[in-house]
Amino acid sequence: MIRSALLLPLLLNGVAAFAPSAPVQRYQSAATKMNQMFPGESSAALEVVDDETASSADPFDSYQATAEQKTIATKDISIGSGYTVGEDDNQLLQIKFTAKFVEGKFTANIKEFDVPSMVFKTGEQRCLPGLEEGIQGMKVGGNRKVKVPPNRGYGDNWYRGIVPPNSHLEFDVEVMKVAQSPGEEFMMKLEQFGIERAIGATVCFLYLAISPILEQKGFI
């Protein structure tokens with residue numbers, strides 16, 4: 001009886017030694033796993049990329065020639081250093097540009113859109129809306145690429161049999177001059193019209209004006 005009493009505690013301790021311990025958590029958190037994989041480095045130091053930042057892209061490079069594309073996209077090639085387009089209203093500008101289709105069958109420049117000089121005043125709707133919008137902020141001597149969707153271009157109609165309906169266009173434009181005074185405006189318009197043509201037109205106008213007087217005097 002005494003031996004049984006002494007053996008009982010020993011047997012209980014032996015059973016306890018082989019009993020399962022407290023349940024072990026089978027699943028570990030991501031932070032714990034990262035700490036085990038990279039000991040000594042805190043998981044807080046790992047950069048988390050925001051989905052919105054990751055999905056954002058340059059508007060020019062991500063431009064899609066689809067019906068959903070409604071806004072222009074620009075990309076500066078060179079900034080320039082002269083006067084800025086858009087500093088004042090109704091500025092007289094001189095630009096040159098080429099154009100081609102965006103992601104279309106024809107990738108070469110459109111011959112009819114190879115314009116070495118174009119003079120126009122902003123706000124007078126003498127320039128394609130998307131192109132005029134796209135050159136805002138450019139400086140004289142600057143070069144920029146401008147992608148224009150149909151709603152800011154020629155829309156759903158043919159243009160001179162050259163540009164099909166709903167065409168997306170890419171312009172390569174350079175700002176040559178921005179007039180800063182009435183005198184500069186006059187000279188830019190004169191250069192655009194052509195000095196020789198201007199002289200010829202002036203001579204013709206003067207002849208028509210004084211010919212009645214010369215006829216009365218018997219000179220002609």
Side-chain angles (χ1 to χ4, degrees), residues 56-63 65 69-102 108-155 157 159-160 162-163 167-210:
S56 64
D58 181 81
F60 186 87
D61 295 332
S62 61
Y63 185 98
Q69 183 73 44
K70 301 294 184 182
T71 58
I72 68 167
T74 63
K75 182 177 183 179
D76 284 311
I77 306 303
S78 59
I79 303 300
S81 58
Y83 297 121
T84 302
V85 178
E87 284 186 342
D88 300 306
D89 296 330
N90 301 319
Q91 290 176 308
L92 187 69
L93 312 176
Q94 182 182 15
I95 65 174
K96 67 177 182 179
F97 62 86
T98 60
K100 63 181 181 180
F101 296 109
V102 178
N109 290 343
I110 307 172
K111 182 179 179 181
E112 291 77 9
F113 280 69
D114 187 355
V115 180
S117 176
M118 175 180 174
V119 175
F120 69 97
K121 184 168 285 190
T122 59
E124 293 187 349
Q125 299 181 349
R126 293 188 56 231
C127 181
L128 199 67
L131 180 57
E132 183 171 337
E133 179 185 353
I135 64 176
Q136 295 297 308
M138 290 185 68
K139 297 179 180 294
V140 173
N143 178 227
R144 177 180 290 177
K145 293 183 182 294
V146 182
K147 290 182 179 179
V148 179
N151 65 305
R152 301 295 293 158
Y154 295 108
N157 299 314
Y159 176 73
R160 296 185 179 181
I162 303 169
V163 180
S167 292
H168 295 254
L169 299 172
E170 179 180 329
F171 292 86
D172 189 332
V173 58
E174 177 182 343
V175 177
M176 302 170 68
K177 293 181 181 178
V178 177
Q180 294 294 304
S181 67
E184 290 184 6
E185 287 191 9
F186 174 78
M187 290 304 300
M188 286 174 61
K189 291 179 180 179
L190 182 61
E191 291 175 2
Q192 180 70 11
F193 183 76
I195 296 177
E196 293 182 356
R197 290 174 59 191
I199 294 174
T202 303
V203 171
C204 291
F205 176 79
L206 290 175
Y207 175 78
L208 292 175
I210 66 175

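Only heavy atoms go into these numbers, but all of them, side chains included; no hydrogens, no water, no symmetry mates.
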Subject >> Set of ring pair (Phe, Tyr, Trp, His ring centres under 6.0 Å) partners for Tyr83, sequence neighbours left out >> reply: none
Original post:
Among all residues two or more places apart in sequence or in another chain, which pass the salt bridge (Lys or Arg N to Asp or Glu O under 4.0 Å) test with Glu132?
Top reply: none
**OP:** Indicate whether the side chain of Lys139 and that of Thr84 have a donor and an acceptor atom separated by less than 3.5 Å.
**Re:** yes
**OP:** Report yes if the side chains of Phe120 and Leu93 come closer than 4.5 Å at any heavy-atom pair, otherwise no.
**Re:** yes
Original post:
Mind checking whether Glu174 and Phe97 have side chains closer than 4.5 Å, heavy atoms only?
Top reply: no
Please tabulate, for the side chains in residues 148-155, all donor-acceptor contacts under 3.5 angstrom to protein atoms that are two or more places apart in sequence or on a different chain.
from	atom 1	to	atom 2	distance (Å)
Asn151	ND2	Lys70	O	3.1
Arg152	NE	Glu133	OE1	3.1
Arg152	NH2	Glu133	OE1	3.0

Subject >> Within 45° cone and under 6.0 Å: Lys145 NZ/CZ vs Phe171 ring >> reply: no
Subject >> Those residues that, when tested against Lys75, pass salt bridge (Lys or Arg N to Asp or Glu O under 4.0 Å) (two or more places apart) >> reply: none
Original post:
Can you find a heavy atom in the side chain of Ile162 that is under 4.5 Å from one in the side chain of Ile110?
Top reply: yes
Original post:
So with a 6.0 Å cut-off around CD of Glu124, is the heavy-atom count from everything else above 12?
Top reply: yes
Subject >> Contacts of type salt bridge (Lys or Arg N to Asp or Glu O under 4.0 Å), residue Asp76, not counting sequence neighbours >> reply: Arg144
Would you mind writing out the side-chain donor-acceptor pairs for residues 175-186 within the sub-3.5 Å range, not counting sequence neighbours?
from	atom 1	to	atom 2	distance (Å)
Lys177	NZ	Glu191	OE1	3.0
Ser181	OG	Glu184	N	3.3
Glu184	OE1	Gln180	N	2.7

**OP:** Give a yes or no on whether the backbone of Thr71 and the side-chain of Gln69 come within a donor-acceptor separation of less than 3.5 Å.
**Re:** yes
